[in-house]
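First up is the structure itself, then whatever we jot down about it.
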Amino acid sequence: MTWNIPNFLSVLRLVAAPMVAVMFLFFTRPHADWFALCLFLVASITDWFDGYLARAWGQETRIGAMIDPIADKAMVVVALMVIVGYSSMSPWLVLPATVILFREVFVSGLREFLGDVAGTLKVTKLAKWKTATQMVAIAFLFGQGVFEHYLGMSAWGMDQALVDQVMAGEVEDLQGLRWKYEGMVWAGWLGIVLLWVAALLTGVTGLDYFLKARPHLKD
């Protein structure tokens with residue numbers, strides 16, 4: 001393996017993928033949400049940097065081309081597993097997550113079957129937008145968890161009637177309940193909408209890949 005900075009960043013992103021889930025095993029919430037969000041954001045940023053540096057410095061390698069998409073898929077799959085698990089299996093998350101996971105498994109199986117021929121099926125711009133949309137959606141959904149738990153901590157010890165009065169503006173909001181609630185709602189809805197957009201793009205790119213691979217699937 002050629003150890004250069006782009007490949008090193010790809011390997012770090014691959015190692016970081018399972019650590020997103022590990023955060024929830026060793027830390028309580030909202031600290032786990034914060035750590036997972038920061039780790040995911042840093043890993044997502046390196047996804048752009050490793051490709052840019054590899055092209056700019058002429059350090060594109062076969063091993064890097066292999067690790068980069070694997071690291072992307074690992075980050076998305078692990079993050080979606082954690083988010084769906086902590087969402088009490090909300091259908092608004094389960095359905096798009098299922099489409100995304102199915103596509104990744106299906107395309108990976110096609111690539112394995114095609115072998116060397118898979119290299120001729122280039123990654124499209126739409127596929128890159130798909131990956132970017134997935135990562136932004138996941139970042140918002142992790143952010144929702146942060147707002148949700150800070151809201152719960154701020155409302156600790158308050159009865160529902162008092163919380164309702166604060167939210168209605170009848171009682172002074174000393175704990176910042178309203179902006180935490182609004183942050184939770186906006187982050188949640190933006191995350192869900194973007195995840196559905198990502199699922200649509202995922203399905204389209206998966207179908208495109210299958211149609212391009214069909215000529216190679218004939219005996």
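This one's a predicted model, so the numbers in the text were calculated from it and none came from an experiment.
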Any side-chain heavy atom of [X] within less than 4.5 Å of one from [Y]?
X	Y	value
Leu201	Thr133	yes
Leu80	Leu195	yes
Ile100	Val76	yes
Trp34	Leu37	yes

Are [Y] and [X] connected in a single hydrophobic cluster, I mean Ile/Leu/Val/Met/Phe/Trp/Tyr linked by side-chain heavy atoms less than 4.5 Å apart?
X	Y	answer
Leu177	Trp156	no
Met23	Val84	yes
Val99	Met89	no
Leu211	Leu126	no
Tyr86	Val78	yes

To the nearest 0.5 Å, what is the distance between [atom1] ([X]) and [atom2] ([Y])?
X	Y	atom1	atom2	value
Ser44	Ile138	OG	CD1	7.5 Å
Met135	Met75	CE	CE	6.5 Å
Asp33	Cys38	CG	SG	10.5 Å
Glu104	Thr202	CD	OG1	6.5 Å
Gln144	Leu190	CD	CG	10.5 Å
Phe40	Ile83	CZ	CD1	7.5 Å

**Message:** I'd like to know if the side chain of Lys130 reaches the main chain of Val204, judged simply by a donor and an acceptor atom lying under 3.5 Å from each other, with no hydrogens or angles considered.
**Reply:** no
**Request:** On the 0 to 90° scale, with breaks at 30° and 60°, tag the Phe106-Phe102 ring pair as parallel, tilted or perpendicular.
**Result:** parallel
**Request:** Assign the ring pair Phe142 / Phe24 to parallel, tilted or perpendicular, where the plane angle (0 to 90°) is split at 30° and 60°.
**Result:** parallel
Other residues, nucleotides, ligands: >12 heavy atoms within 6.0 Å of [X] [atom1]:
X	atom1	value
Ile70	CD1	yes
Trp48	CH2	yes
Trp196	CH2	yes
Tyr150	OH	yes

**Message:** Walk me through whether Asp68 and Asp72 qualify under side-chain contact (heavy atoms from CB on, under 4.5 Å).
**Reply:** CA-CA 6 Å; Asp68 184 66; Asp72 290 344; 3.9 Å; yes
Where [X] and [Y] come nearest, the two heavy atoms and their spacing:
X	Y	result
His149	Pro30	CB-CB, 3.7 Å
Gly206	Val107	CA-CG2, 4.3 Å
Gly188	Leu141	O-CD2, 4.0 Å
Val15	Met19	O-CG, 3.5 Å
Arg29	Gly145	NH2-CA, 4.1 Å
Ser87	Leu93	CB-CD1, 3.4 Å

**Asked** Any side-chain donor paired with an acceptor under 3.5 Å for Ser108 and Lys73?
**Response** no
**Message:** Go through it in stages, so that I can follow the logic: the residues are Phe147 and Tyr181, the test is side-chain contact (heavy atoms from CB on, under 4.5 Å), and I'd like the CA-CA distance, side-chain angles, deciding distance and then a yes or no.
**Reply:** CA-CA 7 Å; Phe147 281 113; Tyr181 174 78; over 6 Å; no
